[in-house]
J.: 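Below is the structure I would like to discuss, written out as structure tokens.
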Amino acid sequence: MALPPSQLESGLSRWIGSKLRPLEYISASTTVLIISLVISAFTEFASNTATSIIFLPILAELATEAKQHPLYLMIPGAVSCSFAFMLPVATPPNAIAFTTGQLKVKDMMKTGLLMNVIGIILINIAINTWGRLIFKFSTFPEWAKESENNTDRGVTIFQLYAVNAVD
């Protein structure tokens with residue numbers, strides 16, 4: 001027997017998103033930079049999938065609370081989950097490269113840090129230039145407004161975006 005959505009959701013991401021509300025007083029581009037930095041650091045110690053599962057719902061709720069387009073925070077967050085370049089434990093390819101014995105952790109960290117910095121700079125430039133044009137970040141989408149109205153029924157912003165993805 002399937003449980004209704006309201007019983008499947010704990011509300012933790014909504015609670016954390018509301019606690020991060022002071023970020024709405026910082027400029028949006030600075031918020032995206034902070035998000036990219038935090039997530040790219042976190043993904044070095046956790047799997048990319050786990051990082052995205054943890055952070056993306058929080059970013060969606062944070063954006064909704066701040067009346068920003070949710071994709072403006074979620075796209076850089078999702079891309080930053082892939083910036084696991086520094087440590088052997090970050091991704092299986094890193095571990096495979098490290099087990100050859102040709103690399104030291106110090107070498108991986110130097111190169112990985114440079115790649116992370118370049119990636120963070122590029123995602124921030126991209127989201128604040130052509131990303132604004134493509135996704136129309138200046139408007140608050142209708143499907144995100146519906147999320148505010150449906151929180152008591154357990155409808156998540158992901159469900160609403162999936163239904164309205166053609167917009």
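These numbers were taken from a predicted model, which means no experiment stands behind them. One is the number of the first residue; the rest follow in order along the sequence. All heavy atoms count here, side chains included; hydrogens, waters and symmetry mates do not.
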J.: Indicate if I58 and I26 have the same hydrophobic cluster label, given that clusters are the connected sets of ILVMFWY residues with side-chain heavy-atom separations under 4.5 angstrom.
T.: yes
J.: Hey, any chance V89 and L103 share a hydrophobic cluster, counting ILVMFWY side chains that come within less than 4.5 Å of each other, even indirectly?
T.: yes
J.: If I take atom CD1 from residue I53 and atom OG from residue S47, how far apart are they, to the nearest 0.5 angstrom?
T.: 7.0 Å
J.: Would you compute the distance between atom CD of E61 and atom CG of L59 and round it to the nearest 0.5 angstrom?
T.: 10.5 Å
J.: Can you tell me how far the CG atom of N124 sits from the OG1 atom of T129, to the nearest 0.5 Å?
T.: 10.0 Å
J.: Taking side-chain contact (heavy atoms from CB on, under 4.5 Å) as the criterion, tell me which of I35, T51, I120 meets it with S40.
T.: I120
J.: Got a second to check how far T31's OG1 is from L62's CG, nearest 0.5 Å?
T.: 7.5 Å
J.: Can I54 be reached from V38 by stepping across I, L, V, M, F, W or Y side chains whose heavy atoms are under 4.5 Å apart?
T.: yes
J.: Would F137 end up clustered with I134 when hydrophobic side chains under 4.5 Å apart are linked, directly or stepwise?
T.: yes
J.: Compare every heavy atom of S36 with every heavy atom of I123, then report the nearest pair and how far apart it is.
T.: CG2-OG, 4.0 Å
J.: Nearest 0.5 angstrom please: Q68 CD to L73 CG, how far?
T.: 5.0 Å
J.: Does the side chain of H69 reach to within under 4.5 Å of the side chain of P141, using non-hydrogen atoms?
T.: yes
J.: Quick one: closest heavy-atom pair of L113 and M86, and the distance?
T.: N-CG, 3.4 Å
J.: Test your reading of the model: is there a side-chain donor-acceptor pair from T99 to the backbone of I96, 3.5 Å cut-off?
T.: yes
J.: Could you check whether any side-chain N or O of T111 sits under 3.5 Å from a backbone N or O of M108, counting only pairs where one atom can act as donor and the other as acceptor?
T.: no
J.: Show the nearest heavy-atom pair for residues A84 and T91, with the distance to one decimal.
T.: CB-CG2, 3.6 Å
J.: Short question: side chain of T43, backbone of I39 - any donor-acceptor pair under 3.5 Å?
T.: no
J.: Taking atom types as modelled and ignoring hydrogens, do the side chains of N48 and S82 form a donor-acceptor contact shorter than 3.5 angstrom?
T.: no
J.: Would a single hydrophobic cluster contain both I34 and I75, if residues Ile, Leu, Val, Met, Phe, Trp and Tyr are joined by side-chain heavy-atom contacts under 4.5 Å?
T.: yes
J.: Any non-hydrogen side-chain atom of N94 less than 4.5 Å from a side-chain atom of L87?
T.: no
J.: Taking the side chain as C-beta and beyond, is there a heavy-atom pair between V105 and F98 under 4.5 Å?
T.: yes
J.: If we only count heavy atoms from C-beta on, is the Y72 to N128 side-chain gap below 4.5 Å?
T.: yes
J.: How close do P57 and S52 get, heavy atom to heavy atom, and via which atoms?
T.: CD-O, 3.8 Å
J.: Return the CG to CD1 distance between L71 and I127, rounded to the nearest 0.5 Å.
T.: 8.0 Å
J.: Keeping the roles fixed (side chain from E44, backbone from F85), state whether a donor-acceptor pair exists under 3.5 Å.
T.: yes
